There are 2 protein chains.
Amino acid sequence: MASTLRDKNQKSAVSKSDAVYRTLKRAILDQALAAGTKLPEDSIGERLGVSRTIVRQALARLNGEGLIELRPHKGACVAQPSLEDARHIFAVRQALETLVVDTLIGTLTPQQIRQLEAHVDAEDAARTNNTSASIQLAGEFHVLLAKLTENDVLLRYVTELVSRSSLILSLYGRPHSPDCAVSEHRELIAALDKGEREQACSLMRHHIDAITTRALLKGNSEKDFPDLLAAYAREEGL
Amino acid sequence: MASTLRDKNQKSAVSKSDAVYRTLKRAILDQALAAGTKLPEDSIGERLGVSRTIVRQALARLNGEGLIELRPHKGACVAQPSLEDARHIFAVRQALETLVVDTLIGTLTPQQIRQLEAHVDAEDAARTNNTSASIQLAGEFHVLLAKLTENDVLLRYVTELVSRSSLILSLYGRPHSPDCAVSEHRELIAALDKGEREQACSLMRHHIDAITTRALLKGNSEKDFPDLLAAYAREEGL
DNA sequence: TTTTGCTTGATTGTGTACAAAATGCTCGCA
DNA sequence: TGCGAGCATTTTGTACACAATCAAGCAAAA
């Protein structure tokens with residue numbers, strides 16, 4: 001009981017660097033730290049009440065997951081995935097999440113189906129506040145699916161890719177419309193429940209396609225800084 | 001020119017922890033450090049002439065890639081993937097490497113084809129010394145393919161999975177027979193060259209299947225301690 | 001004989017101090 | 001007024017010292 005409370009307070013962290021890691025990750029995914037924000041070790045450590053050593057470990061981990069960039073001697077900053085990065089990430093997501101569905105077909109218990117439906121209900125409920133919470137929940141649905149496969153590697157990769165996708169959506173994506181995500185998730189659950197392999201895989205493929213389109217559509221409008229500059233430079237003959 | 005030389009000497013490492021990371025990784029994949037070997041931070045640091053701080057960073061990274069296990073307060077040791085881990089890893093490999101082939105179809109230049117063939121020639125040449133060098137080269141073929149996709153994420157994951165596969169093969173695999181790997185690689189290149197998508201994907205799928213079989217076949221002979229015990233336990237009605 | 005508690009040794013977790021590197025700025029010069 | 005060299009500041013890279021934690025071995029009691 002006491003340990004349960006402690007776990008809740010400390011978020012089941014055994015080490016401080018874990019806590020810092022999670023704090024930073026949440027901050028990034030909640031867009032509290034916008035893409036490109038510099039992340040000096042000193043300031044973060046001071047702010048969070050830990051030494052630079054701890055912050056450094058957390059940053060190294062985030063770097064490994066592609067959420068921040070860690071340029072030598074130049075400091076860390078929140079990653080700004082290029083459109084190409086985005087395409088790469090979604091391509092891999094499609095392959096992996098198709099594997100998730102393929103693995104899950106015929107193995108889901110009624111209880112697990114209910115768990116999935118409960119999650120989508122939560123997504124549905126969060127539709128009103130059109131903020132990052134909605135993106136977050138939509139992403140967690142995919143993570144939940146991956147978790148059900150009980151394949152650790154698959155879970156790790158999907159989790160990582162979903163995180164990076166959130167970052168991409170916040171950078172390039174047009175305003176998130178949760179309606180279609182919810183309905184697509186429901187269709188997918190139905191297909192999984194009925195054991196329709198081809199149908200389920202196909203649904204997942206198209207679902208990721210839809211996300212990819214939503215993510216990359218706005219890409220050539222305003223935020224793509226380098227390319228924009230390149231265009232100007234060309235006009236000036238540089 | 002000078003920088004090229006420096007890169008060669010320092011293996012393009014900017015930081016020491018990178019060097020230690022690569023050193024340990026090579027040692028593990030070469031089986032100089034057998035699975036399960038303990039990796040105390042200060043022994044390694046002393047041996048390699050760096051402080052524990054550096055070693056710690058390298059270990060954290062290897063842990064992230066699943067090559068070592070990092071139990072809190074109990075020290076690091078070379079990972080001993082279970083048979084289940086192995087199945088998970090190969091399942092994800094199959095999905096990702098099929099994506100590799102699918103991406104590569106119709107994009108490979110004659111020069112790249114020659115590059116692939118040159119690599120397989122090297123594998124062929126290394127057939128005689130039936131050691132880990134052969135496994136290593138066979139793995140690098142897959143990494144090379146992933147590199148040609150120019151998809152960074154895909155490359156990172158495939159690299160990681162190939163590394164872990166090497167570890168698995170050294171743990172459970174029956175003696176590596178390079179002949180079939182070489183011929184399968186050659187068939188794959190031919191299909192890629194001719195742009196036969198279905199054929200190439202199918203070849204890759206079966207190739208990974210073959211590796212999986214080779215990897216897991218010996219699993220119930222001697223080294224699989226836990227399952228072995230479980231079998232005994234069942235016989236005793238426990 | 002088995003189990004429990006303690007002690008000891010080893011190993012990791014964390015903080016801090018110093019060194020190295022890069023960036024930005026000031027000052028001198030053309 | 002524009003430009004470059006050198007300095008100062010900031011930030012990271014590394015090492016080391018100390019604290020916390022755990023595993024093993026030993027001893028004592030049931």
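Proteins get letters first, then strands, A, B, ... in listed order; numbering begins at 1 in each. Predicted, not measured: the structure shown is a model, and the values here were computed from it.
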Spacing of OG belonging to A:S163 relative to CG belonging to A:L29, to within rounding of 0.5 Å: 5.0 Å
Nearest-nucleotide comparison on DNA chain C, the residue closer to the 5′ end among A:S17 and A:K74: A:S17
Reported CG-to-CG distance for the pair A:L99 and B:L96, which is rounded to 0.5 angstrom: 8.5 Å
Gap between atom CD1 of A:I68 and atom OG1 of A:T37 - 0.5 Å precision: 11.5 Å
Protein-nucleotide distance (A:E69, atom CD; D:dT12, atom C1'), rounded to Å: 17 Å
Short N/O separations, protein against nucleotides 16-21 of chain C, under 3.5 angstrom:
from   : atom 1 : to    : atom 2 : distance (Å)
C:dT16 : O4     : A:T53 : OG1    : 3.3

Length of the CZ-P vector between B:R71 and C:dT11, whole Å: 13 Å
Phosphate contact (C:dG13 OP1 or OP2) by B:R56 side-chain N/O below 4.0 Å: yes
Check: A:H119 side chain, A:L137 main-chain N or O, donor-acceptor pair, under 3.5 Å: yes
Rounded interatomic separation in angstrom, taking CD from A:Q57 and C1' from D:dG13: 14 Å
Salt-bridge criterion met for B:R156 and B:D152 (N-O under 4.0 Å): no
Student check: side-chain heavy atoms of B:P81 and B:R164 closer than 4.5 Å: no
Residues within residues 34-47 of chain A bordering DNA chain C, heavy-atom distance below 4.0 Å: none
pair B:I168-B:F90: side-chain heavy atoms closer than 4.5 Å: yes
B:L39 CG to B:I44 CD1 distance, which is reported to the nearest 0.5 Å: 4.5 Å
Rounded interatomic separation in angstrom, taking CG from B:L48 and C1' from D:dA15: 16 Å
